[in-house]
2 protein chains.
Amino acid sequence: MTDQRRIAGLPGLGEIGLGNFAPYLMNRIMGRYNASLRADLAGLGLSTPKMRALAVLSVIDAPLIRELAVYAVVEQSTLSRALDQLAGEGLIQRETDAGDSRATRVHITETGRAAFEAMWPKMAAAYARMFQGIPEDERRAFVATLQTMLGNIRKHDF
Amino acid sequence: MTDQRRIAGLPGLGEIGLGNFAPYLMNRIMGRYNASLRADLAGLGLSTPKMRALAVLSVIDAPLIRELAVYAVVEQSTLSRALDQLAGEGLIQRETDAGDSRATRVHITETGRAAFEAMWPKMAAAYARMFQGIPEDERRAFVATLQTMLGNIRKHDF
DNA sequence: CAGAATTAAATGCGTTTGCAAATATCCCGG
DNA sequence: CCGGGATATTTGCAAACGCATTTAATTCTG
């Protein structure tokens, strides 16, 4: 029944099998990783967009908002509102770009950095659990493949 | 500055680097994969939960709704409403389980299968793009690592 | 075997999301 | 150096989401 349908030569999902289809596995894994983090961080008043913004800002200094949206994997309109909250809580500061007054750069504050550092152990724990029993060389190969994939699909050059 | 903070021995995100942190890369990649699919499928009246349910149902026959929620990586309440729509459009059918009248099994209809097969080329194309230039053995190793990871983090045994 | 505890699915409800439009600024060609 | 088009961010709004609760049925326990 399934076979007759694919005259085109394109293998179907049935032939591949859900458990061998990389995007499916990645969604399953990240679904749980993110849900688990969200539960951990809800107590700290941090939504997913807020924590992602903080995480990126802990590493990248004073990006433009549109850049932050890409790095943090958050829609720009959602990010805009998340930044409202973070600014209200004193975790970040918005500052108009020196050379372009349309644009806004975002800085993490000391309080913001402390908030990120308070949540980092949760992220690290989720990461450790995910890679449990996977040897170092396999991890490296995995990350290398991910980097290639990101290069394949990203639209911006960062 | 960053160094002084980590007396604990846990490497910080700064030391690892965003671009080497696997969960970050996976979120970046899946963020774009999912956004791109969503845009493709919006025209067909399919939301992400609806398309995921259909995709799983094209491969797994008559699961319980709670199983489908796990496989499809959709909250149960969201899935319940997505199934309302899919049923209204004749793409699936709900049927009370024979042995447990609390439970409901979900069947894909012929129309539903056709709808999935209409969208599959989009998914396959996104997949192909993602793995562009990655040799077969590297892909296999990558999927094997993903399978280990899923085993590490899943709460149910499916 | 009665009642408590558990499990499956649906639903109420406040919050969040994302698209599209609005606003403000900048850049480029003529 | 003026006006049209591009770019950065915010905001309006309707739809979607997720938590917690409800309803219904099953299973466990004393």
Side-chain angles (χ1 to χ4, degrees), chain A residues 27 31-32 34-43 45-53 62-88 92-107 155-158, chain B residues 27 31-32 34-43 45-53 57 62-89 92-107 155-158:
Chain A
N27 268 326
R32 220 175 269 304
N34 290 324
S36 138
L37 265 190
R38 182 155 31 122
D40 280 344
L41 300 176
L46 285 173
S47 63
T48 299
K50 285 165 74 179
M51 96 157 185
R52 288 190 181 175
L64 297 176
I65 289 183
R66 83 189 150 76
E67 292 170 345
L68 182 55
V70 175
Y71 284 124
V73 195
V74 175
E75 274 289 316
Q76 172 149 338
S77 62
T78 301
L79 178 61
S80 178
R81 288 181 259 249
L83 293 177
D84 287 347
Q85 295 184 44
L86 289 171
I92 61 128
Q93 266 180 263
R94 276 189 264 223
E95 188 187 354
T96 302
D97 183 76
D100 183 343
S101 58
R102 288 169 305 180
T104 305
R105 297 199 170 272
V106 185
H107 304 267
K155 291 159 84 175
H156 312 77
D157 22 279
F158 50 87
Chain B
N27 269 327
R32 221 177 265 306
N34 290 325
S36 135
L37 265 190
R38 185 157 29 126
D40 279 345
L41 300 175
L46 284 173
S47 62
T48 298
K50 284 164 75 180
M51 96 155 185
R52 287 190 181 175
L57 288 171
L64 297 175
I65 288 181
R66 82 188 151 75
E67 293 170 344
L68 182 55
V70 174
Y71 284 123
V73 195
V74 175
E75 276 288 317
Q76 195 257 324
S77 62
T78 302
L79 179 61
S80 178
R81 288 181 259 251
L83 293 177
D84 287 347
Q85 294 185 43
L86 289 170
E89 295 158 6
I92 60 124
Q93 264 181 266
R94 278 191 262 225
E95 187 188 354
T96 303
D97 182 75
D100 183 344
S101 57
R102 287 171 305 183
T104 305
R105 296 197 170 274
V106 185
H107 304 267
K155 292 160 81 175
H156 311 77
D157 21 278
F158 50 89

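Every chain is numbered from 1 and lettered A, B, ... according to where its sequence line falls, protein lines coming before strand lines.
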What are the two closest heavy atoms between [X] and [Y], and how far apart are they?
X       : Y       : value
B/Leu68 : B/Leu83 : CD2-CD2, 4.2 Å
A/Pro49 : A/Ala82 : CB-CB, 4.1 Å
A/Ile65 : A/Leu79 : O-CD2, 3.5 Å

Does A/Asp100 or B/Arg102 map to a spot on DNA chain C nearer the 5' end, using the closest nucleotide for each?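 Nearest-nucleotide comparison on DNA chain C picks B/Arg102.
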Taking [atom1] from [X] and [atom2] from [N], how many angstroms apart are they, rounded to a whole number?
X       : N      : atom1 : atom2 : answer
B/Ile65 : C/dA9  : CD1   : P     : 5 Å
A/Glu95 : D/dA8  : CD    : P     : 18 Å
B/Asn34 : D/dC17 : CG    : P     : 12 Å
A/Asp97 : C/dT25 : CG    : P     : 14 Å
B/Gln76 : D/dC19 : CD    : C1'   : 12 Å
B/Arg94 : D/dA24 : CZ    : P     : 16 Å
A/Lys50 : C/dT17 : NZ    : C1'   : 15 Å
A/Leu68 : D/dT9  : CG    : C1'   : 13 Å

Using the side-chain heavy atoms of B/Glu75, tell me which of these nucleotides is nearest: D/dA8, C/dA9, D/dC19. D/dC19
Nearest to the B/Arg38 side chain among C/dG18, C/dT17, C/dC26, which nucleotide is it?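 Among the listed nucleotides, the one closest to the side chain of B/Arg38 is C/dG18.
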With a 4.0 Å limit, can you tell me whether A/Arg105 has a side-chain N or O closer than that to the phosphate oxygens OP1/OP2 of D/dA8?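 Answer is no, no contact under 4.0 Å.
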Phosphate contact (C/dC26 OP1 or OP2) by A/Ser101 side-chain N/O below 4.0 Å: yes
Backbone N/O of [Y] and side chain of [X]: donor-acceptor pair under 3.5 Å:
X       : Y       : answer
A/Arg38 : A/Thr48 : no
A/Arg52 : A/Val73 : yes
A/Lys50 : A/Gly45 : yes

Reported CD-to-CZ distance for the pair A/Gln76 and A/Arg81, which is rounded to 0.5 angstrom: 11.0 Å
First locate atom CG of B/Leu86, then atom CG of B/Leu57, and finally report the distance between them rounded to the nearest 0.5 Å. 8.0 Å
Side chains of B/His107 and B/Ile92: does their closest heavy-atom pair fall under 4.5 Å?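 Of all side-chain heavy-atom pairs linking B/Ile92 with B/His107, none is under 4.5 Å.
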Would you mind reading off the bend of the helix from C/dC1-D/dG30 to C/dG30-D/dC1 from its two end axes, five pairs each, to 10 degrees? 30°
What are the residues of residues 77-87 of chain A, sorted by number, that bring a heavy atom to within less than 4.0 Å of DNA chain D? A/Ser77, A/Ser80, A/Arg81
